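Notes for the one structure printed next.
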Amino acid sequence: MPELPEVETVARELRAVLPGKKIRSLELYWEKTFEHQDAPPLPGQRFGTIGRQGKYLLLNLDKSVLVIHLRMTGQLLARRSGQQARHSHDRVRFLLDDGLELIFRDSRKFGRIRHVLSAEPLLRKLGTDAMDQKLTAALFGSMLQKSAMNIKAFLLSQKYIAGLGNIYVDEALFLSALHPLTPAREVSGAEPLFNNIRLVLQRSIDNMGSTISDYRNTKGNEGLNQRYFNVYGRQGLPCKKCGGPIEKIRVAGRGTHICPRCQQRGKT
DNA sequence: CAGAGCACCTGTGGGC
DNA sequence: TGCCCACAGGTGCTCT
């Protein structure tokens, strides 16, 4: 489900509730969700800062860190404990002090919580976060130049830029009038594409993310940004720029939404 | 190294 | 209504 804006929304909300709270215990309802690696026990540890890189959430503790990836359908819910019955999709429950609980809910069971001493080895394989100020249009342009991949596959790969997924790639390519099969090194307008990626992500962050079906924030609420899609999920509907029909094709193994008139190969 | 195919899972919606 | 298939905000593995 979630891409950068959804994970950022969750991170911001967790920053308001978790720091300083102590973990009393945890309950595991689906073993594979939780990977305890080389870290000291969780009970007794307190939450510190909450970070994010790409689609990974980083919940720092006194002596270790919880690295969480929501994958397709994961949700993190923060609420008062004991108020609501367990949901059939709940996979992990952290009981905190102050009468709070943190629930990891995930219908498809793809999501992962890794408890490790350091997130460093994991993050080393990840590219720079798409919203990181250290990432500039010039740096982005030089990465494009070195790649033979098509632009959609390039943007979906998390090793160059981290955080983009299927929705926001399609939206950014539409705004940039780029066909998803255009080879990355042939993209002539690196700067407009870079700016459109930022625009699409920032607008969604401002709207608390996009909800297609499963995404919820930590309070269980849906995002609002799906109202502003130009192409994602709009196959058969008129393009907002030219009025022609939006098409759905397959690129890099993913359903891909384009306006074939506005986004032509080899043209920007 | 790039790309395809499949694996991991469950739920939903379309076609018949 | 019911059955079957394809597909879904992601990633990681194997094989070519």
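In this text the structure is predicted, and so the values were computed from the model without any measurement. Proteins get letters first, then strands, A, B, ... in listed order; numbering begins at 1 in each.
At the phosphate of B:dG11, OP1 or OP2 sits under 4.0 Å from a side-chain N or O atom of A:H89. Side-chain nitrogen and oxygen atoms of A:R250 include at least one within less than 4.0 Å of the OP1 or OP2 phosphate oxygen of C:dA8. At C:dG12, none of the side-chain N or O atoms of A:R112 fall inside 4.0 Å of OP1 or OP2 (strictly under the cut-off). For C:dT11, one of the phosphate oxygens OP1 or OP2 lies less than 4.0 angstrom from a side-chain nitrogen or oxygen of A:Q158. For A:H69, a side-chain nitrogen or oxygen approaches OP1 or OP2 of C:dT11 to under 4.0 Å. In terms of phosphate contacts, A:K159 brings no side-chain nitrogen or oxygen within less than 4.0 Å of OP1 or OP2 of C:dT11.
Between the CG atom of A:D106 and the C1' atom of C:dG10 there is a distance of 11 Å, rounded to whole Å. Rounded to an integer number of Å, the gap from A:E35 CD to B:dC8 P is 15 Å. For the pair A:H257 NE2 and C:dG9 P, the interatomic distance rounds to 7 Å; values are reported in whole Å. If you measure from atom OH of A:Y160 to atom P of C:dT11, you get 15 Å, rounded to the nearest angstrom. Rounded to a whole Å, the CZ atom of A:R108 is 11 Å from the P atom of B:dC9. Note: CG (A:L122) to P (C:dG12) measures 8 Å, nearest angstrom. Computed from coordinates, the A:M72 CE to C:dC7 P distance equals 13 Å when rounded to whole Å. Between the CG atom of A:L4 and the C1' atom of C:dG9 there is a distance of 12 Å, rounded to whole Å.
Residue contacts shown for A:Y56 are limited to sugar-phosphate atoms, with no base heavy atom under 4.0 Å away. Among the heavy atoms of the strands lying under 4.0 Å from A:K248 are primed sugar atoms or P, OP1, OP2 only; no base atom is included. As judged by a 4.0 angstrom heavy-atom cut-off over every strand, A:G209 is placed among residues making no nucleic acid contact. When heavy atoms are screened at a 4.0 angstrom cut-off, A:Y232 is found touching the sugar-phosphate backbone but no base atom. Within the 4.0 angstrom heavy-atom criterion, no nucleotide atom of any strand lies near A:R91.
Ring-plane geometry between A:F229 and A:Y232 is classed as perpendicular, the angle between the planes exceeding 60 degrees on a 0 to 90 degree scale with a lower cut at 30. The aromatic rings of A:H69 and A:Y56 sit perpendicular, their planes meeting at an angle over 60°, well past the 30° parallel limit.
In this structure, C:dG10 is classed as anti because its glycosidic torsion departs from zero by more than 90°.
Rounded to whole Å, the separation between the C1' atoms of C:dC7 and B:dC6 comes to 15 Å. Taking atom C1' in both B:dC8 and C:dC3, one finds a spacing of 25 Å when rounded to whole Å. A distance of about 22 Å separates the P atoms of C:dT11 and B:dG11, rounded to the whole Å.
The closest donor-acceptor contact from the side chain of A:S204 to the backbone of A:V200 lies at 3.5 Å or more, if one exists at all. A donor-acceptor pair is defined here as one N or O able to donate and one able to accept, closer than 3.5 Å; such a pair exists between the side chain of A:Q45 and the backbone of A:K63. A donor-acceptor pair under 3.5 Å links the side-chain atoms of A:Q158 to the main chain of A:L156, judged by distance alone. Between the side chain of A:Q75 and the backbone N or O of A:D106 there is no donor-acceptor pair closer than 3.5 Å. Remark: the backbone N or O of A:K134 is paired with a side-chain donor or acceptor of A:D132 at under 3.5 angstrom.
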Next on the checklist: Checking A:D170 against A:K152 for the salt bridge (charged side-chain N to carboxylate O under 4.0 Å, His left out) test, could you report, in this order, the C-alpha distance in whole Å, the side-chain angles of both residues, the deciding distance, and whether it holds?
Outcome noted: CA-CA 8 Å; A:D170 282 5; A:K152 172 140 186 175; 2.7 Å; yes

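Of all nucleotides listed (C:dG9, C:dG12, B:dT10), B:dT10 comes nearest to the side chain of A:K109. With C:dA8, B:dT10, C:dG9 as the candidates, the nucleotide lying closest to the side chain of A:D214 is C:dG9. Of the candidates B:dG3, C:dG9, C:dT11, C:dT11 carries the atom nearest the A:K55 side chain, counting heavy atoms from C-beta on. Residue A:S107 has its side chain nearest to B:dG11 when only B:dG3, C:dT11, B:dG11 are considered.
Taking a pair as Watson-Crick or G-U with both hydrogen-bonding distances under 3.5 Å, the stems of three or more pairs touching DNA chain B are B:2-8 with C:10-16, B:10-16 with C:2-8.
Stacking annotation: A:F110 is stacked on the base of C:dG10 (ring centroids less than 5.5 angstrom apart, interplanar angle below 30 degrees).
Residue A:K240 qualifies as enclosed at atom NZ: its count of foreign heavy atoms under 6.0 Å is above 12.
Put simply, the side chain of A:S213 and the base of C:dG9 share a donor and an acceptor less than 3.5 Å apart.
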